[in-house]
Amino acid sequence: MDITLSVTHSEKNKLEKVLTDSQVFTGTLRGITSVISPEIDLEVENPTGFNYAYIPDFGRYYFINDMVSIRSGLWKISMRVDVLMSFKSDILNSRGIIVDTESVNADVYQEHDSWNTKVKNKTDIIPFSNGLLESGEYILITAGG
Amino acid sequence: MAYADDYDYIVRAIANYYSGSNNPIWNKIQLGTATAQEVSFAYSQIPQMQTISTPSGNVLGFEYADPVYLTLKDDVQGILDGVDSNYSGSASSSYGFSGNIPINTYGSSGSYTSGGGALTGGGSVLATVADRVSLAATGASLGCKLGAAIDSALYNLDPDWWDTHYPTINPDTWDNIATTKAGKYFINTLFGTDGSTMTAYMPADALAYTYMMLRDLGALSDGSPTYPQYQNTGTYVISSVGSPQAVLTDVITHITRGLTFSGTASLEQIVNFVNSAPSNAIFWIEGTLTTSNWRGESPLTIYYSTNSYPSGTSINLSRQIDGKRLVTYGVGTAGEPINITEITTSDRPFYPFVGSTISGSVYKASNIGITVQPSIPGITLQPDATVPSPSVVSGTTLPEVLNQLKQNYPTLFNDSIHTSTLQPDGTLKDMEYVPVPWPGAQTQTSERTTTGDATQTDTLIDNPTISKLFPPTTITNPPDTGTGDGSADVAPTGNASSLWAVYNPTQAQLNSFGSWLWSSNFVEQLKKLFNDPMQAIIGVHKVYATPPTGATATIVCGYLDSGVGSKTVSNQYTSVNCGTVRVNEYFGNVFDYEPYTRISAYLPFIGVVPLKVSEVMRSSVNITYGVDVITGACLAKINIQRDGAGGILYSYGGSCACHYPISSGSYAGIVSGIVSAAVGIGTSIASGNPAPAIGGVISGMHQAHTTVQHSGGFTGCAGAMGPKKPYLIIERPQTAMADSYNEYIGMPSNSTVKVGDCSGYTRFKEIHLSVGGAYNDELTEIESLLTTGILI
């Protein structure tokens, strides 16, 4: 089966990885193989520079977990499915309620764990323009009108 | 330049920029077509507006109770349109574009006449002046930023008008104009500042500032400027025209524009005079330029000097002599631009003009020195004034010109204030306000009002982060605005009856009454044996509010007439409006509210009381004291208005009277009352209660902030020793937000979106996955990743 090995520097939780240095190889499934966590023997001189794979027959993208040298020119590559990249289109079409966002629909008036303050604060005074008399007025009350 | 030359259009545009609505009344006001009744109705909607009327009920005009903080957008529009304060941004009111509504008089014709300074003549509709004066205030104040000094000559411009509208104004000194009642409001109207303290400043929107500056520089020509502006006398380049006479004629024509020579010299005579002088002559025009002869009522004389001057030395173009400016021009040595130090003789000071070069027989003149002359008397330049050259403003739009001004004259934009304001369409708009100084100041800006230092570090929540935000595409829960108004606050009335009499004596009158009381005269004592006046004295106290008084009468004690005259108190109750302040957001986010920000109010004779931030923020806060002058009881009423609705949300009672002992019994009662109050104060301790957690998401550091009582209750004699003006105390946090934290942990949100519409770090609370071909474990992993956060 064909397998495309690539190099990616993208974050693991990035939906769409950026792939470089892609090369297509032909490998052999070794006996019972999981679609989610396949192991494939690959005849290649030195595949250790790759860290990402795509298997068209499975329709999935994979993180390369490990490579074992069986003998010179033959490697066993262990992989784990990257569900984000593999089902990117359907995920993008899904809907949900976001709780944290870098951009869209951010509400800076909601409480959040990220709000941090120092122990210091500052005090502002806003005076009113008028007030009571600085010096009072005498009031004398006597009986009788 | 492609500027609008319709001043009314600009007025409406700028007013709409701040009002943001199409309220019909205010549109008519801006257009100048509102009737007096409509204006009266519009003004009556403003809480701070008080009607001035005669005892018979005739309306004389309107007086704005708060002379400083009328903001067209917030106060006025908020009343009439219920504008949503959730979108009003986080600019403090002292940073907003403020104006004032002047006192106006009711004319005999039945229409209101304008009282808006030397800007409009009689007959203008009252309310148009509000907009015009606000804008004119900007222009005039900008003139001051440019170095203008307003002097008493402004009065001389039209003494009859001043005498009619502001008869109490002293035309000799500007300070007096600022401090008389009518003058105070005029000053506040014209300049939007506090004339009594002369320390405030008015910030102007940067684009409005630019427009006004251009008008001041004469760069705009709408034909009918309604406020003093500068006339540009020459900042242009004259290309070679081949002959010295033609060049000089052109130069003279431009420089002398605005001057009318009468009697002694015509333009041709000036040219001939110049041509007859040696080639290295320096010319100047000297004369007495007063406000009355600016139009050429007195002759001016031209002189020249043939001294030679080394090049490369500095010059001073901003010379003033007795407050009047001289205009000059001249030519220099062939091939060299003129850079000449100022030469002063005993009677012939002059100003050289620079930039002229002579090459062979071809004369050129370029960048003729900037001399700015006021076109309306009463405006002169301060020494060392900074006068921007119109030559640097070559842009065709206001933003372009603004940038040019900033590049060429950065000092004029020092202390500009920037803020990002969320607009109703979801976009963020950057707003810049330029502080404009009090006209009496020099070219330096005044101290900022005490609303906090906006440049304090680490207090703003990640402006760069906010600037990266996408505008909200949808708002699932539009913020509500409040509705309704509190019950009408009707002041009670009451006056003395036949059971008691209430007097308002002065100190001297009180002393005289005491002398009568304890007179040693035998006859007087005999009378008092049968009628003890002491029994008739109910009480003496000082109340810290002006009592309503009526006629003067002699003080009567029981059956005895003391013969001592005193004003009588005509009404038991009085009201003191302490004014209105605007409480605006500072951060523009959650930090403006509890538990991060706390607001309390100091109330004279009551103490410091807490206010709920969520009720007060984005509101106009008015404090009014109701006082019972007989008992000294006072009630401080805090009226909160926001989005066109509100009412008295807080009211606290106290006593603003300090009682005086008139007998041993009364003294004991007074002292015991003070002692019990002091005990109450002494037992008040800092509660030390930590701020309660809200939903368990407040950081531990915040929970360490304790609540401390700022004062105990103090009334009466104790309160008399405290400040008499209320103020708000706003405690704000210093934020400690990590740079670009939204990229790592995000900003809060609670909205339903499509995953594909998001960008950057996103974490979901709930997700409806519809993924074809994924196994159960894969679906579980997808959900887990989405709820822990992914990068889209």
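Just so we're on the same page: letters track the sequence lines, and every chain starts at 1.
Residue contact with chain A, scored on non-hydrogen atoms closer than 4.5 Å, involves the backbone and the side chain of Ile790(B) alike. The contact between Glu11(A) and chain B is made entirely by side chain atoms (from C-beta outward), counting heavy-atom distances below 4.5 Å. Residue contact with chain A, scored on non-hydrogen atoms closer than 4.5 Å, is absent for Tyr744(B). Tyr625(B) touches chain A through its side chain: at least one heavy atom from C-beta onward sits under 4.5 Å away, while N, CA, C and O do not. Looking at Gln509(B), neither its backbone nor its side chain comes within 4.5 Å of chain A, counting heavy atoms on both sides.
The nearest pair of heavy atoms linking Thr762(B) to Ile98(A) is CG2-CG2, 3.5 Å. Of all non-hydrogen atoms in Pro748(B) and Gln110(A), the two that sit nearest each other are CG-O, 3.7 Å.
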Side chain to side chain contact (heavy atoms under 4.5 Å, CB included) between Tyr109(A) and Phe591(B), intermediate numbers included: CA-CA 8 Å; Tyr109(A) 292 97; Phe591(B) 288 123; over 6 Å; no
Criterion side chain to side chain contact (heavy atoms under 4.5 Å, CB included) on Asn93(A) and Val755(B), from CA distance to verdict: CA-CA 6 Å; Asn93(A) 288 325; Val755(B) 177; over 6 Å; no
Side chain to side chain contact (heavy atoms under 4.5 Å, CB included) between Arg80(A) and Glu781(B), worked out: CA-CA 12 Å; Arg80(A) 179 81 171 88; Glu781(B) 186 174 351; 3.2 Å; yes
Worked check of side chain to side chain contact (heavy atoms under 4.5 Å, CB included) between Arg732(B) and Asp124(A): CA-CA 8 Å; Arg732(B) 294 192 174 101; Asp124(A) 295 324; 2.4 Å; yes
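A donor-acceptor pair under 3.5 Å is formed between the side chain of Asn13(A) and the backbone N or O of Gly789(B).
Side-chain contact check for Glu102(A) and Asn742(B): no donor-acceptor pair (N or O, by modelled atom type) lies under 3.5 Å.
Here Val621(B) is the residue among Thr506(B), Thr788(B), Val627(B), Val621(B) with the most heavy-atom pairs under 4.5 Å with chain A.
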